[in-house]
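Contents: one structure, followed by commentary.
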Amino acid sequence: GRKGIDSKRLSHYADFQLTECNGQRIVDEWEDIMALTLSHGGDTVFSTATRSEEVLVGTKEGIVFLKRNVGGSGWSIARRALSDKHIHAVIIEPDSGAIIAGVTEDTIYISEDNGETWERRDDGITQHDIYSLAAAKVNGKTRIFAGTQPAHLFYSDDLGRHWTELTALRSVDTSDWTFPGPPHVAHTKHINFHPEDTNTMFIGIEVGGLQKSTDGGQTFTRIHGMDTDVHRTVINPADPNRIYITGGDGIYVTSDGCETWEHLTTTAHDLGGYPDFLLLHPRNPEVVLVAAAHHGPGSWRESHFAGTRISRSNDAGKTWETLGNGLPDRMKGSVEAMCLEDWGGDTFSVFAATATGEVWCSDDGGDHWEEIMTGLAPISKGNHYASLVNA
């Protein structure tokens with residue numbers, strides 16, 4: 001996963017090595033503790049050598065910096081940033097340590113001093129409603145990508161100072177690109193890359209299907225075989241031909257590089273009919289975690305209840321178990337942000353944040369959970385929170 005490097009401490013990382021895994025960078029050698037990011041449209045898998053002490057949470061009222069308490073017992077709010085912005089996505093650029101924030105109905109803001117000051121950087125971006133952010137090594141340099149509503153795709157090679165649109169994304173048939181809720185406009189929900197070749201990109205359009213490019217975004221083709229409501233594309237780093245898709249009709253998986261697809265779970269599955277976040281353990285991709293609401297957001301307006309479950313599979317999705325031991329079953333809030341940290345031991349950490357303002361953590365791979373923060377502003381894609389908060 002992408003590592004956040006505090007620019008004030010960058011000298012400590014002169015010898016770190018950057019590799020690719022599932023479209024996300026892994027720092028192989030380093031000397032300090034990294035920060036994680038937890039947001040709807042940002043990074044989801046991190047590989048570190050030591051369990052992280054800081055998590056940056058993207059909320060409806062800015063970025064909240066959470067830190068583990070001294071001694072490792074509990075968490076506290078260390079500070080906040082961009083508190084007047086609804087944050088959709090947060091990533092940390094690995095070369096500079098800059099924090100990049102994508103804001104709904106706004107634009108992109110970047111901090112190069114660990115969140116103390118922020119600069120608006122959107123020269124070249126024509127759609128000012130940011131839904132997703134990602135970064136990848138392209139020709140030896142880090143390139144930042146931004147997805148928007150309406151569904152467009154932009155990139156920057158100079159840390160956001162200038163942006164260029166990959167117009168080919170909209171050269172495919174867009175006649176069915178729409179969205180159930182107002183303003184009924186599709187958005188670029190998720191951006192991912194082939195783990196061995198970042199010129200191969202997968203762009204999830206909600207709602208508008210899965211788009212694939214093999215030439216760095218110069219051309220795109222639509223991948224068929226799954227529902228058009230595509231949430232996320234997750235690639236097995238050990239077997240890149242095995243790809244999972246979550247969406248409004250459950251989970252799909254291919255084992256032959258998108259040629260054929262299996263409908264792994266449907267809307268009637270016990271884990272939840274509306275899956276969004278799906279995480280693979282980077283060293284053991286047979287371990288899969290998924291967060292899914294009981295039904296889609298349309299039902300929340302009536303029930304004011306998402307009925308979310310977090311489930312785990314140890315056999316690549318063949319069988320699932322609902323996770324508990326501190327984690328409520330069928331939570332009221334939908335899980336709108338989730339990440340996994342593989343910190344090099346026999347277990348790993350998982351963080352999940354909800355549209356009702358809670359953050360949950362498991363430091364033993366999902367076996368036991370603790371609510372580490374409550375009362376935050378909603379962690380929410382768009383207005384998902386509206387049907388769930390104070391209802």
Side-chain angles (χ1 to χ4, degrees), residues 38-42 57-62 64 83-89 102-106 129-132 149-151 178-190 204-208 227-232 246-251 265-278 290-311 322 327-338 351-360 371 373-391:
L38 183 61
S39 66
H40 184 77
V57 185
T59 81
K60 185 178 176 292
E61 297 176 0
V64 178
S83 57
D84 60 338
K85 311 294 183 186
H86 182 161
I87 308 297
H88 259 162
V103 182
T104 182
E105 298 182 352
D106 199 335
D129 193 352
I130 310 302
Y131 264 70
S132 51
Q149 178 178 282
T178 184
F179 191 72
H184 307 293
V185 175
H187 49 261
T188 305
K189 177 160 171 95
H190 189 235
I205 305 297
E206 189 181 35
V207 174
D227 187 70
T228 57
D229 185 4
V230 173
H231 292 170
R232 299 182 193 276
T246 61
D249 194 27
I251 304 172
T265 72
T266 70
T267 56
H269 199 284
D270 195 50
L271 63 79
Y274 193 78
D276 193 340
F277 287 88
L278 187 146
V290 66
H294 190 43
H295 299 295
S299 70
W300 306 347
R301 290 189 289 272
E302 298 295 329
S303 67
H304 309 299
F305 184 79
T308 303
R309 282 177 164 170
I310 297 177
S311 301
T322 301
L327 188 70
D329 186 32
R330 299 210 182 279
M331 292 183 285
K332 175 182 178 179
S334 58
V335 170
E336 301 277 285
M338 194 172 177
F351 295 84
T354 71
T356 44
E358 298 88 25
V359 179
W360 297 85
E371 186 181 48
M373 192 59 54
T374 187
L376 297 182
I379 297 90
S380 175
K381 189 199 82 168
N383 67 351
H384 272 185
Y385 67 92
S387 300
L388 301 167
V389 175
N390 298 324

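These numbers come from the heavy atoms of this one structure, side chains and all, not from hydrogens, waters or symmetry mates.
Scanning both residues, Leu388 and Lys332, for their nearest heavy atoms gives O-CE, 2.9 Å. Considering all non-hydrogen atoms of both residues, Ile379 and Ala337 come closest at CG2-CB, 3.7 Å. Considering every non-hydrogen atom in both Leu271 and Ser311, the closest pair reads CB-OG, 3.5 Å. Across every non-hydrogen atom of Thr267 and Gly248, the tightest pair is CG2-O, 3.6 Å.
Applying the side-chain contact (heavy atoms from CB on, under 4.5 Å) test to Val230 and every residue at least two apart in sequence or in another chain returns Leu210, Met226, Ile245. Under the rule for a side-chain hydrogen bond (donor to acceptor under 3.5 Å, both in side chains), Asp227 has no partner lying at least two apart in sequence or in another chain. Every residue was checked against the ring pair (Phe, Tyr, Trp, His ring centres under 6.0 Å) condition with His294, not counting sequence neighbours, and none meets it. Residues meeting the ring pair (Phe, Tyr, Trp, His ring centres under 6.0 Å) test with His86, sequence neighbours left out: His88. For Pro150, the side-chain contact (heavy atoms from CB on, under 4.5 Å) partners two or more places apart in sequence, or in a different chain, are Gln127, His152, Val185. Partners of Arg309 under the salt bridge (Lys or Arg N to Asp or Glu O under 4.0 Å) rule, at least two apart in sequence or in another chain, are Asp270, Asp329. Partners of Lys85 according to the side-chain hydrogen bond (donor to acceptor under 3.5 Å, both in side chains) rule, which considers only residues two or more places apart in sequence or in another chain, are Asp106, Tyr109. Under the side-chain contact (heavy atoms from CB on, under 4.5 Å) criterion, Ser39 pairs with Ala89, Val90, sequence neighbours left out. Applying the side-chain contact (heavy atoms from CB on, under 4.5 Å) criterion to Glu105, with sequence neighbours excluded, gives Asp129.
Under a 4.0 Å N-O distance rule, the pair Lys60/Asp84 does not qualify as a salt bridge.
Ring to ring, Tyr131 and His190 are not that close: their centroids are 6.0 angstrom or more apart.
Between the side chain of Thr265 and the backbone N or O of Ile251, at least one donor-acceptor pair lies under 3.5 Å. Here the side chain of Thr228 pairs no donor or acceptor atom with the backbone of Gly208 at under 3.5 angstrom. Thr246 places a side-chain N or O within 3.5 Å of a backbone atom of Asp276 that can act as its donor or acceptor partner. With hydrogens and angles disregarded, no donor-acceptor distance shorter than 3.5 Å links the side chain of His184 to the backbone of Thr178.
Applying the side chain to side chain donor-acceptor pair (under 3.5 Å) rule to pairs touching residues 374-386 yields His187-Lys381, Glu206-Lys381, Glu336-His384, sequence neighbours excluded.
The closest side-chain heavy-atom distance from Tyr274 to Ser334 is not below 4.5 Å.
Cation-pi geometry between Arg232 and Phe277 is met: the NZ or CZ atom falls under 6.0 Å from the ring centre, inside 45° of the normal.
Few gaps surround CZ on Arg330; more than 12 heavy atoms of other groups in view lie less than 6.0 Å from it.
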